[in-house]
Amino acid sequence: LSSQERVGYSAFAEFIAAVIFPYAFSQFWFYELYAMAVPIYLPSRDTLPLFVNQDYSVCPDFEGHRRGHNPHAVHPHSPFDVDDWQAMTYWTSFTDYLLMPHIMYFESMPQLMYLLETSDH
């Protein structure tokens, strides 16, 4: 596509599908493509925590809470504990990547290629 053809949502709406490797718990393009009914492929529930926990928002420097508040009384894990697989999996389970319907997931690159080739987009 030329630079003029790539401008605007009309170009994105023409995508046959989108493969997203999200590096954060929430990403603008996910919602934009979802709203345009572009089929979205994401890493599986088992591997998604590895991707979304790369964002700076999980940096321990951001961990904190107001006085008198005990966050562990509500949630069993800190969202900043990127060294604990259970914590990463727990917080990833709240993402729209896993909660919204009509998302396709893949376990491996070969499976992704197969799904892209054989799915009815």
Side-chain angles (χ1 to χ4, degrees):
L1 296 174
S2 71
S3 60
Q4 286 181 325
E5 292 171 309
R6 286 181 278 182
V7 177
Y9 290 99
S10 60
F12 296 116
E14 292 179 17
F15 287 2
I16 294 172
V19 177
I20 301 175
F21 293 92
Y23 60 85
F25 284 99
S26 179
Q27 288 186 268
F28 173 84
W29 290 114
F30 171 78
Y31 297 103
E32 296 299 325
L33 293 167
Y34 189 88
M36 291 185 283
V38 173
I40 296 175
Y41 291 83
L42 289 167
S44 70
R45 175 180 291 275
D46 293 337
T47 60
L48 196 58
L50 296 171
F51 293 94
V52 299
N53 282 280
Q54 296 179 44
D55 188 33
Y56 70 88
S57 67
V58 296
C59 175
D61 293 344
F62 291 102
E63 184 167 21
H65 54 276
R66 65 185 186 279
R67 287 185 197 150
H69 176 69
N70 179 7
H72 290 291
V74 178
H75 297 284
H77 304 283
S78 166
F80 304 99
D81 193 354
V82 295
D83 295 323
D84 181 346
W85 182 252
Q86 287 183 322
M88 292 168 54
T89 302
Y90 175 79
W91 285 103
T92 302
S93 72
F94 291 102
T95 64
D96 286 335
Y97 305 132
L98 295 176
L99 297 176
M100 295 179 83
H102 312 296
I103 305 296
M104 300 289 292
Y105 302 96
F106 58 91
E107 299 285 337
S108 65
M109 292 306 291
Q111 183 189 29
L112 172 62
M113 296 297 115
Y114 176 80
L115 291 170
L116 289 171
E117 187 175 312
T118 60
S119 296
D120 182 20
H121 300 107

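Computed over heavy atoms, backbone and side chain alike; hydrogens, waters and symmetry mates excluded.
- If you take CG on Leu50 and CE on Met88, they are separated by 5.0 Å, rounding to the nearest 0.5 Å.
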Test side-chain contact (heavy atoms from CB on, under 4.5 Å) applied to Trp91 and Asn53, step by step: CA-CA 9 Å; Trp91 285 103; Asn53 282 280; 5.8 Å; no
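- Across every non-hydrogen atom of Leu98 and Arg45, the tightest pair is CD1-NH1, 3.7 Å.
- Counted by atom type alone, Asp96 and Tyr31 present one or more donor-acceptor pairs between their side chains at under 3.5 Å.
- The distance from atom OG of Ser78 to atom CG of Asp83, rounded to the nearest 0.5 Å, is 11.0 Å.
- For Ile16, the CD1 atom sits in a loose shell: 12 or fewer heavy atoms of surrounding residues, nucleotides or ligands are nearer than 6.0 Å.
- Phe51 has its ring centre no less than 6.0 Å from the ring centre of Tyr23.
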Verdict with supporting geometry, Phe15 and Ile40, side-chain contact (heavy atoms from CB on, under 4.5 Å): CA-CA 10 Å; Phe15 287 2; Ile40 296 175; over 6 Å; no
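- The ring-ring contact (aromatic ring centres under 6.0 Å, His included) search around Tyr90 returns His75, His77, Phe94, not counting sequence neighbours.
- Using a 4.5 Å heavy-atom threshold, the side chains of Phe30 and Ile103 count as touching.
- Under the 3.5 Å distance criterion, the side-chain polar atoms of Ser119 are left unmatched by any main-chain donor or acceptor of Leu116.
- Across all their heavy atoms, Ala13 and Val38 have their closest contact at CA-CG2, 4.3 Å.
- In this structure, Thr89 contributes its side chain and Trp85 its backbone to a donor-acceptor pair below 3.5 Å.
- Linking ILVMFWY side-chain heavy atoms closer than 4.5 Å, directly or via other members, places Met36 and Phe28 in a single hydrophobic cluster.
- Around the CD atom of Glu32, the shell of radius 6.0 Å holds more than 12 heavy atoms that belong to other residues, nucleotides or ligands.
- Scanning for ring-ring contact (aromatic ring centres under 6.0 Å, His included) contacts around His102 gives an empty result, with sequence neighbours left out.
- A heavy-atom distance below 4.5 Å is found between the side chains of Tyr34 and Pro101.
- At least one side-chain heavy atom of Pro43 sits under 4.5 Å from a side-chain heavy atom of Pro22.
- The ring of Phe106 has its center no closer than 6.0 angstrom to the ring center of Tyr41.
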Full working for side-chain contact (heavy atoms from CB on, under 4.5 Å) between Tyr97 and Leu48: CA-CA 9 Å; Tyr97 305 132; Leu48 196 58; 3.7 Å; yes
Worked verdict on Leu42 versus Met104 for side-chain contact (heavy atoms from CB on, under 4.5 Å): CA-CA 6 Å; Leu42 289 167; Met104 300 289 292; over 6 Å; no
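- Rounding to the nearest 0.5 Å places CD of Glu117 at 11.5 Å from CG of Leu112.
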